[in-house]
Number of protein chains: 2
Amino acid sequence: MDPIGTAAQKSELPVKTIRYYDEIGLIKPQAHSEKGYRLYSERDIQKLIFVRHVREFGFSIDTCRDLLDLYENPHRTSKEVKQIVAKKLVEIQAKIRAMKQLHDTLARLAHDCHGDQRPDCPIIEYFSSDQAVDPSHQKECS
Amino acid sequence: MDPIGTAAQKSELPVKTIRYYDEIGLIKPQAHSEKGYRLYSERDIQKLIFVRHVREFGFSIDTCRDLLDLYENPHRTSKEVKQIVAKKLVEIQAKIRAMKQLHDTLARLAHDCHGDQRPDCPIIEYFSSDQAVDPSHQKECS
DNA sequence: GCTTGACTCTCCAGTGGCTGGAGACCTTAA
DNA sequence: TTAAGGTCTCCAGCCACTGGAGAGTCAAGC
């Protein structure tokens, strides 16, 4: 049973984040010391590592909850897990497409811009124009 | 001189957002009515549209401020504008690369997962393993 | 003139997922 | 015994809004 600092080292998560996960009920320490210190079991630390990985893939805390439930449930089906991941894959694909559009439009504008001492600038003109439209029709990272 | 609702229609921004831009000093209305209603000039509305476009490309409000200054400044150099865009392009490229990594890793895991009624699941195993590393070494959209 | 409905105002709270800091308490080693 | 470091709770802030309450204002129709 490790105090929070040790759990932080083992899980490679900040202490603050681990306390936050406790607060929101994502991962609660198995026990508390007499003086109220959080005490994390090895199993708890495995869960912290699990959540860190899941978060690194951009899943929300809510999805972490779902995946953690599946992780803990011996009667889970791989179908459930795969569905969650498949949905995320579609999201990621959409974001990549949108960001490529943003990139290409910006790159074209930058290419057309002289980048010299004169004020004339197709980039500014593009942002000013009434016709300019978000090329992806959705915001980056939204 | 339009009240905020009309400015919202013309700029295609929510009323709340326009009030927020006033509050943070990004775009202040040219005038106020006797009763304290915000009144936006055509120039103000052009700035709102400008900022909407810039935001749609994922630039921060702070960068909007910089670009708005350049937009307003007849002595700007296109070099300054191009530098800002070039920096953003590098950011976007990095994010696209990172997201592609995430995508490919997730896609591989999904491919390897049977997605049936059994609990065995390479996705869960990957998230559980101590060795699993964020393939991009940076979080999505951070 | 009166009512109705749409518009606007300010102020406060919430979003997600933390992060930082204050101030108090606890533990451990020299 | 003292100092350093760890931990606790609580509150505030980040970004860029968004939602809602409650009050005031405006324009149209009767």
Side-chain angles (χ1 to χ4, degrees), chain A residues 1-40 44 48 50-68 88 91 95 134 138-142, chain B residues 1-40 44 48 50-68 88 91 95 134 138-142:
Chain A
M1 294 291 240
D2 295 310
I4 198 165
T6 312
Q9 281 183 347
K10 289 187 180 175
S11 66
E12 297 175 58
L13 281 172
V15 167
K16 281 268 181 186
T17 301
I18 298 177
R19 266 199 281 259
Y20 173 70
Y21 288 167
D22 178 9
E23 188 190 328
I24 63 169
L26 182 64
I27 298 169
K28 292 203 159 288
Q30 199 171 73
H32 286 267
S33 76
E34 288 181 8
K35 298 292 178 180
Y37 282 25
R38 292 169 182 83
L39 294 174
Y40 289 86
D44 292 334
L48 289 169
F50 181 88
V51 165
R52 175 168 63 80
H53 291 151
V54 174
R55 291 283 304 131
E56 281 166 352
F57 275 89
F59 290 95
S60 69
I61 293 285
D62 263 5
T63 308
C64 283
R65 267 182 230 277
D66 295 341
L67 285 170
L68 215 41
K88 188 73 191 174
E91 270 177 45
K95 277 187 190 163
D134 176 11
Q138 76 168 73
K139 290 181 192 169
E140 179 196 0
C141 291
S142 61
Chain B
M1 293 292 240
D2 295 310
I4 198 166
T6 311
Q9 281 184 348
K10 290 187 180 176
S11 66
E12 296 174 58
L13 280 172
V15 168
K16 280 271 183 184
T17 301
I18 298 177
R19 267 199 280 258
Y20 174 69
Y21 287 167
D22 178 9
E23 188 190 329
I24 63 170
L26 182 64
I27 298 170
K28 293 203 159 288
Q30 198 171 74
H32 286 268
S33 77
E34 287 182 8
K35 297 293 180 179
Y37 283 23
R38 293 169 181 84
L39 293 175
Y40 288 88
D44 291 335
L48 289 169
F50 181 88
V51 165
R52 175 168 64 79
H53 291 151
V54 173
R55 291 283 305 132
E56 281 165 354
F57 276 89
F59 289 95
S60 70
I61 293 285
D62 263 6
T63 308
C64 283
R65 268 182 229 276
D66 296 341
L67 285 170
L68 215 43
K88 188 74 191 172
E91 271 177 44
K95 277 187 191 164
D134 175 13
Q138 77 168 70
K139 288 182 192 170
E140 180 195 0
C141 291
S142 61

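What you see is a predicted model, and the numbers here were worked out from it, not measured in a lab. These values consider heavy atoms only, across backbone and side chains, with no hydrogens, waters or symmetry-generated copies. Naming: A, B, ... by sequence-line order, numbering from 1 per chain.
Going from atom CZ of B:Phe59 over to atom CG of B:Asp66 covers 10.5 Å, rounded to the nearest 0.5 Å.
Atom CD1 in B:Ile27 sits about 11 Å away from atom P in D:dC17, given to the nearest Å. Rounded to an integer number of Å, the gap from A:Glu56 CD to C:dG17 P is 15 Å. Rounded to whole Å, the distance from CZ on B:Arg52 to P on D:dA16 is 18 Å. At whole-Å resolution of the value, CD in B:Gln9 and C1' in C:dT8 are 14 Å apart. Atom CD1 of B:Ile24 is separated from atom C1' of D:dC17 by 10 Å (rounded to the nearest Å). Per the geometry, CZ belonging to A:Arg65 stands 12 Å off C1' belonging to C:dG17, to the nearest Å.
Of the possible polar contacts, one joining the A:Lys88 side chain to the A:Gly58 backbone as a donor-acceptor pair under 3.5 Å is found.
Of all non-hydrogen atoms in A:Leu48 and A:Leu13, the two that sit nearest each other are O-CD1, 3.6 Å. Nearest heavy atom pair, residue A:Pro14 against residue A:Ala8, reads C-CB, 4.4 Å. Taking both residues in full, the closest heavy atoms of B:Val15 and B:Ile4 are given as O-CD1, 3.7 Å, listed atom of the first, atom of the second, then distance. Scanning all heavy atoms of the two residues, the minimum distance from B:Leu39 to B:Asp44 falls at O-OD2, 4.1 Å. Listed here is the closest heavy atom pair of A:Ile61 and A:Tyr21: CD1-CE2, 3.6 Å. Taking each heavy atom of B:Ser60 and B:Arg55 in turn, the nearest pair found is CA-NH1, 3.9 Å.
Of all the residues in residues 10-23 of chain B, B:Pro14, B:Lys16, B:Thr17, B:Tyr20, B:Tyr21 reach under 4.0 Å from DNA chain D with at least one non-hydrogen atom.
Taking 4.0 Å as the cut-off between side-chain N and carboxylate O, A:Arg65 and A:Asp62 count as a salt-bridged pair.
A side-chain contact (heavy atoms from CB on, under 4.5 Å) with A:Leu68 is found for one member of A:Val54, A:Thr63, A:Val51 and no other, namely A:Val51.
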As a quick check of understanding, evaluate salt bridge (charged side-chain N to carboxylate O under 4.0 Å, His left out) for B:Arg52 and B:Glu56, giving each step before the final call.
CA-CA 6 Å; B:Arg52 175 168 64 79; B:Glu56 281 165 354; 3.2 Å; yes

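Where A:Ile61 and B:Pro3 each meet DNA chain C at their nearest nucleotide, the meeting point lying more 5' is that of B:Pro3.
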Could you list all N or O pairs between the protein and nucleotides 25-29 of chain C that sit under 3.5 Å apart?
residue, atom, partner, partner atom, Å
C:dC26, O4', A:Tyr37, OH, 3.4

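Residue B:Arg55 has no polar side-chain atom (N or O) positioned under 4.0 Å from OP1 or OP2 of D:dC15.
Comparing the local axis fitted to the first five base pairs of the helix from C:dG1-D:dC30 to C:dA30-D:dT1 with the one fitted to its last five gives a bend of 30°, rounded to 10°.
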